[in-house]
Amino acid sequence: MTVINERIAQVNRGTKEALPPIFLNNVFGLLSAINMPVEGELSNFLLGQKEKEDDWKPAKLKEQKKAFERVWMGFLKHKLSVSLYKKVLLILHESILPHMSNATMMIDFLTAAYDVGGAISLLALNGLFILIHQHNLEYPDFYKKLYSLLDPSVFHVKYRARFFHLADLFLSSTHLPVYLVAAFAKRLSRLSLTAPPQVLMMMIPFICNLIRRHPACLPLIHRPSAERDLTSDPFVMEEQDPAKSRALESSLWELEALQNHYYPSVVRAANVISRALSTQENDVSELLELSSYEVGQTGLCVHTGNYHINKSLCCRFLVTNSS
């Protein structure tokens, strides 16, 4: 680790230009292959010890962590390509942060990544979760940024399951302001109008869990005078600040609209809002990575012999492919 750090400094010496991408990729390949030792694993070395073990730095876990921290911080201060940025964020929460002597040194890197947007912001959530919950990181606009990440593209990225798992954790606190929870529930409801069926099977229980945790949001599904279309809904979808979205003035009429969805499984899931909402939360963990194929295998609609046929879907297919 010390040699890698010296090599990075040597290549960077005397130039203000970014380090070559190939060099940075090679460095990452070496760093990501390091298996950090734990206490009790520092007695067997591949070279002879010239000094007593008590005074030899490689035999001390604290010194190992310091070297690990120095080399990663020296590497991450350089400009990384988008693909390399993603690779680092994918392993950061499991392979880097736990082995640093001072994990809070990663605050600047992670907050900068979270502000980038798109998939990089989604991947930064894991590391931020550790810093917020284990190292008391204060991030004033954290929920505002999390709210802004909710757009149609989040349903189609490869990190969707990870994002919603973490969003569920961040929104699990019963101490969150009602306006904030209402804004998340409403924004997800609006996005559900164009979400694919496999996502809806997760989103509907996800939204209901938010309401269960925060009973003050119940008027969103039990407001008899609520406006039930886009033109008269007071909710401002384009507003990036949840405090100004006017979600509490609205209702979750979108979930009622899903009761007419062409997938009967979605209809059954949406029908839950027509009954008194139970206090028991749904476990959404098994639904996070549900595929369209798995949704199609759940016996969705009309039974003909031994086959399950989704009539609406078949009609759509026939019309689309009539040529």
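When side chains are defined from C-beta on, Tyr114 counts as touching Lys145, because their heavy atoms get closer than 4.5 Å. By the 4.5 Å heavy-atom criterion applied to side chains, Leu128 and Thr111 are counted as neighbours. When side chains are defined from C-beta on, Leu210 does not count as touching Cys217, because their heavy atoms never get closer than 4.5 Å. Between Arg7 and Val27, every side-chain heavy-atom pair lies at or beyond the 4.5 Å cut-off. No side-chain heavy atom of Lys57 sits under 4.5 Å from any side-chain heavy atom of Gln64. Contact check for Ser189 versus Ile207: side-chain heavy atoms found under the 4.5 Å cut-off. Taking the side chain as every heavy atom from C-beta outward, Ile273 and Leu252 never approach each other to under 4.5 Å. Taking 4.5 Å as the limit, some side-chain heavy atom of Ser274 sits within range of a side-chain heavy atom of Gln259.
No donor-acceptor distance shorter than 3.5 angstrom exists from the side chain of Glu249 to the backbone of Phe235, with no hydrogens or angles considered. A donor-acceptor contact shorter than 3.5 Å is absent between the side chain of Lys144 and the backbone of Pro242. Under the 3.5 Å distance criterion, the side-chain polar atoms of Tyr159 are left unmatched by any main-chain donor or acceptor of Leu90. Judged by distance alone, the side chain of Ser95 and the main-chain N or O of Leu92 form no donor-acceptor pair under 3.5 Å. Listed for the Arg187 side chain is a donor-acceptor partner under 3.5 Å among the backbone atoms of Leu150. Judged by distance alone, the side chain of Ser192 and the main-chain N or O of Ala195 form no donor-acceptor pair under 3.5 Å.
Rounded to the nearest 0.5 Å, atoms OG (Ser251) and CG (Leu220) are 7.5 Å apart. In this structure, Thr104 OG1 and His135 NE2 are separated by 7.5 Å, a value rounded to the nearest 0.5 Å. Taking CD1 of Ile130 as the start and CD of Glu94 as the end, the distance is 8.0 Å to the nearest 0.5 Å. Expressed to the nearest 0.5 Å, how far NE2 of His156 lies from CG of Asp151 amounts to 9.5 Å. Summarising the geometry, atom CZ belonging to Phe164 is positioned 9.5 Å from atom CG belonging to Leu122; distances are rounded to the nearest 0.5 Å. In this structure, Ile8 CD1 and Leu24 CG are separated by 8.0 Å, a value rounded to the nearest 0.5 Å.
Using the six-membered ring where Trp is involved, Tyr263 and His261 have ring planes that are tilted, between 30° and 60° apart. Using a 30° and 60° split on the angle between ring planes, Tyr143 and Phe170 fall in the perpendicular class, above 60°.
Hydrophobic clustering, with ILVMFWY side chains joined whenever heavy atoms are under 4.5 angstrom apart, groups Phe163 together with Tyr85. Placement of Leu110 and Val71 within a single hydrophobic cluster is found when ILVMFWY residues are connected by side-chain heavy-atom separations under 4.5 Å, directly or transitively. Hydrophobic clustering, with ILVMFWY side chains joined whenever heavy atoms are under 4.5 angstrom apart, groups Ile211 together with Tyr147. In the hydrophobic clustering of this structure, Phe206 groups with Leu180; members are Ile, Leu, Val, Met, Phe, Trp, Tyr whose side-chain heavy atoms approach within less than 4.5 Å, directly or through other members. Put simply, Val236 and Val181 are part of two different groups of oily side chains (I, L, V, M, F, W, Y) that touch within less than 4.5 Å, one to the next.
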| task | Give the intermediate values and the outcome of side-chain contact (heavy atoms from CB on, under 4.5 Å) for residues Phe68 and Leu31. | result | CA-CA 9 Å; Phe68 182 83; Leu31 293 181; over 6 Å; no

| message | Please determine whether side-chain contact (heavy atoms from CB on, under 4.5 Å) holds for the pair Cys208 and Val272, giving the CA-CA distance in whole Å, both sets of side-chain angles, and the decisive distance to 0.1 Å. | response | CA-CA 9 Å; Cys208 290; Val272 71; 3.7 Å; yes

| request: Could you walk me through whether Leu89 and Ile120 pass the side-chain contact (heavy atoms from CB on, under 4.5 Å) test, one step at a time? | output: CA-CA 8 Å; Leu89 290 169; Ile120 289 178; 3.7 Å; yes

| task | Show your working on ring-ring contact (aromatic ring centres under 6.0 Å, His included) between Phe28 and Phe23 and close with a plain yes or no. | result | CA-CA 9 Å; Phe28 175 77; Phe23 175 76; over 10 Å; no

| message | Quick one, Leu258 with Leu200, criterion side-chain contact (heavy atoms from CB on, under 4.5 Å). Give me CA distance, side-chain angles, the key distance, then yes/no. | response | CA-CA 9 Å; Leu258 291 178; Leu200 290 174; 3.9 Å; yes

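Partner Phe75 forms a side-chain contact (heavy atoms from CB on, under 4.5 Å) with one of Leu19, Leu30, Leu80 and no other, that one being Leu80. Here the rule is side-chain contact (heavy atoms from CB on, under 4.5 Å) with Asn209, and of Gln280, Glu281, His214 only Glu281 fits it. A side chain to side chain donor-acceptor pair (under 3.5 Å) with Ser101 is found for one member of Arg70, Glu69, Lys66, Lys65 and no other, namely Glu69.
One finds a salt bridge joining Asp168 and Arg213 here, because a Lys/Arg side-chain nitrogen approaches an Asp/Glu carboxylate oxygen to under 4.0 Å.
Residue Asp283 places its CG atom among more than 12 non-hydrogen atoms of other residues, nucleotides or ligands, all under 6.0 Å distant.
For the residue pair Pro205 and Met202, the shortest heavy atom distance occurs at CD-O, 3.2 Å. When all heavy atoms are compared, the tightest approach of Ala182 to Leu248 is CB-CD2, 3.6 Å. Nearest heavy-atom pair, Ser278 versus Arg212, reported as atom, atom and distance to 0.1 Å: O-NE, 2.8 Å.
A donor-acceptor pair shorter than 3.5 Å cannot be found between the side chains of Glu239 and Ser245.
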